[in-house]
Amino acid sequence: MTILVTGGAGFIGSNFIVYFLKHNTHIKIVNIDRLTYAGDLANVSDVENNQNYEFVQGDICDQNLIKNLFKKYDFQGVIHFAAESHVDNSIKAPDAFIKTNVLGTFNLIDAAKNHWMEAPNKVKNRHATSRFHHISTDEVYGSLGQDGLFTEQTAYAPNSPYSASKASSDFIVRSYFHTYGMNVVTTNCSNNYGPKQHDEKLIPIIIQKALLGDEIPIYGNGQNVRDWLYVLDHCKGIEKAFNEGLSGETYNIGGGNERDNLYIANTICDILDKKLPKDKSYKEQITFVKDRPGHDFRYAIDASKIEQELGWRAKETFETGIRKTIDWYIKKYRN
């Protein structure tokens, strides 16, 4: 069995590939990544010599390339990570998000449909179990107030070009299930953190700025809340949904670790004060900067569906996962 993983040189995709190949030795992965600024082949160096792994540098928007890859490898599954994902970048240059996240997803799922199916609701025999798994985000649901949780029934209300593009891609995948009877599953995750995350994201920024002695920038008053999910827990949830999820269903994957941004910064500084003490606390580097436009106040996921139906549960608390994350970045930034 061969599956296509898109965006596998990025943060979550690379962590998933290394984890999945270790635990599924009978499956081959073809990893396609455009290697933009957010992709790095060093992220998958652990598997570059694995006989069940192959890398293709390419763009998911390239119709001929994707079509030819399906012909060559006869994929029996797609796990679709590839996406532009940094909200700040989507505010400055939304066109790249529409192209990759909307058109790229359409191109992939349409190629899969054409390769796997004879006609609507008629699957080719050898692709009876072939599945398209779309990785999405909790940001499609918009912003929460002080109370409540996002469930799979929460109405979509995206507030940034990034989340709007992901919402669009979710609907495209949904339509291919309802119109063509394709075997699809979608997972919407909360904020991921852990090894290999790009330096532009909140937690790597805090660690890097702290170690450099620079100001640690926190938007607004630092009270924006996110549900933090350790990347390896997310990878295990993806594996569960890909293997066991019901076709056409959506599963929310959350860490159950709501923390505000100021808490995140203070916790990282507290750990660094003990690991790499200096003459004054790293907390003195925390500064507040102008909030970004359309900054959602709070995200929090109700993960009870995947917990009850598929038996997945996050193992890491934020306080255990952040220590592992800091250790990894200390090695990265201190080398």
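Along the sequence shown, the residues carry numbers beginning at 1. We use all heavy atoms of the structure for the numbers below, so side chains are in, but hydrogens, waters and symmetry mates are not. Here the structure is a predicted model, which is why all the values come from computation and not from measurement.
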(request) Before accepting this row, confirm whether a basic side-chain N of the pair K324/E316 lies closer than 4.0 Å to the acidic partner's carboxylate O. (result) yes
Value rounded to 0.5 Å, distance of [atom1] in [X] from [atom2] in [Y]:
X	Y	atom1	atom2	answer
L108	L4	CG	CG	6.5 Å
E258	S190	CD	OG	9.5 Å
T6	D33	OG1	CG	8.5 Å
E139	S165	CD	OG	10.0 Å
F288	N221	CZ	CG	7.5 Å
L149	S304	CG	OG	8.5 Å

[X]: which residues meet the side chain to side chain contact (heavy atoms under 4.5 Å, CB included) condition with it, sequence neighbours left out?
X	result
S136	H134, V140, K166, D170, T186, N188
D260	Q223, V225, L262, Y263
A111	I66, F70
E118	K122, K124

(message) Show every ring-ring contact (aromatic ring centres under 6.0 Å, His included) that has at least one partner inside residues 171-192, sequence neighbours left out.
(response)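 Applying ring-ring contact (aromatic ring centres under 6.0 Å, His included) to every pair that reaches into residues 171-192, excluding sequence neighbours, yields Y156-F171, Y176-Y180.
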(message) Listing request: all ring-ring contact (aromatic ring centres under 6.0 Å, His included) pairs with a residue in residues 191-212, at least two apart in sequence or in separate chains.
(response)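 Those involving residues 191-212 are Y37-H198, Y193-Y230, Y193-F318.
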Write down the atom of [X], the atom of [Y], and the distance for their closest heavy-atom approach.
X	Y	answer
A9	L35	CB-CD2, 3.7 Å
R34	E84	NH2-OE2, 3.6 Å
P293	I91	O-CD1, 3.7 Å
E319	R323	O-CG, 3.5 Å
G245	Y251	CA-OH, 3.5 Å
I203	I268	CG2-CD1, 4.1 Å

Transitively linked via ILVMFWY side-chain contacts under 4.5 Å: [X] with [Y]?
X	Y	result
I109	L69	yes
M182	V185	no
V18	I79	yes
V30	F20	no
I264	L276	yes

Quick one: are [X] and [Y] in side-chain contact, heavy atoms under 4.5 Å?
X	Y	value
L232	K236	yes
I135	I12	no
I286	N266	yes
T179	P120	no
I27	I3	yes
I29	N52	no
C189	N192	yes
F132	W116	yes

Is there a donor-acceptor pair under 3.5 Å between the side chain of [X] and the backbone N or O of [Y]?
X	Y	value
D227	G256	yes
S169	T105	no
Q197	P204	no
N257	G255	yes
S281	E284	no
T100	F97	no
R298	G145	yes

Could you pull out all residues at least two apart from [X] that satisfy salt bridge (Lys or Arg N to Asp or Glu O under 4.0 Å)?
X	answer
D199	K332
D214	none
K71	none
D273	none

(message) Can you confirm whether more than 12 heavy atoms, excluding those of R174, are under 6.0 Å from its CZ atom?
(response)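 Counting neighbours around CZ of R174, 12 or fewer heavy atoms of other residues, nucleotides or ligands fall under 6.0 Å, so no.
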(request) Check whether NZ of the Lys or CZ of the Arg K278 lies under 6.0 Å from the centre of the six-membered ring of Y282 and within 45 degrees of that ring's axis. (result) yes
(request) Carefully, step by step, assess I216 and C269 under the rule side-chain contact (heavy atoms from CB on, under 4.5 Å). (result) CA-CA 10 Å; I216 299 169; C269 290; 3.9 Å; yes
Less than 3.5 Å apart, which donor and acceptor atoms pair up between the side chains of residues 54-63 and the rest of the protein, not counting sequence neighbours?
| residue | atom | partner | partner atom | Å |
| --- | --- | --- | --- | --- |
| E54 | OE1 | K28 | NZ | 3.0 |
| E54 | OE1 | Y73 | OH | 3.4 |
| E54 | OE2 | Y73 | OH | 2.3 |
| D59 | OD1 | C61 | N | 2.9 |
| D62 | OD1 | N64 | N | 3.3 |
| D62 | OD1 | L65 | N | 3.1 |

(request) Could you please spell out the steps behind the side-chain contact (heavy atoms from CB on, under 4.5 Å) verdict for F16 and I238? (result) CA-CA 8 Å; F16 176 79; I238 293 167; 3.7 Å; yes
(message) I'd like to know if the side chain of E48 pairs up with that of Y53 as donor and acceptor (distance under 3.5 Å, no hydrogens or angles considered).
(response)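 There is no such pair (donor and acceptor under 3.5 Å, judged by atom type) between the side chains of E48 and Y53.
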Identify each donor-acceptor pair in which a side-chain atom of residues 305-313 lies under 3.5 Å from a protein atom, sequence neighbours left out, and give them as a table.
| residue | atom | partner | partner atom | Å |
| --- | --- | --- | --- | --- |
| K305 | NZ | E249 | OE1 | 2.5 |
| K305 | NZ | T250 | O | 2.9 |
| W312 | NE1 | D233 | O | 3.0 |

(request) Report the C-alpha distance between I253 and I301 in whole Å, list the side-chain angles of each, state the deciding distance to 0.1 Å, and finish with yes or no for side-chain contact (heavy atoms from CB on, under 4.5 Å). (result) CA-CA 7 Å; I253 306 178; I301 270 183; 5.9 Å; no
(message) Using the ring centroid of each side chain, check whether H127 and H115 are separated by less than 6.0 Å.
(response)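 Under 6.0 Å, so yes.
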(message) If the test is side chain to side chain donor-acceptor pair (under 3.5 Å), which one of N159, T151, T154, N252 qualifies with Y141?
(response)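 With Y141 as partner, N159, T151, T154, N252 yield a single side chain to side chain donor-acceptor pair (under 3.5 Å), made by N252.
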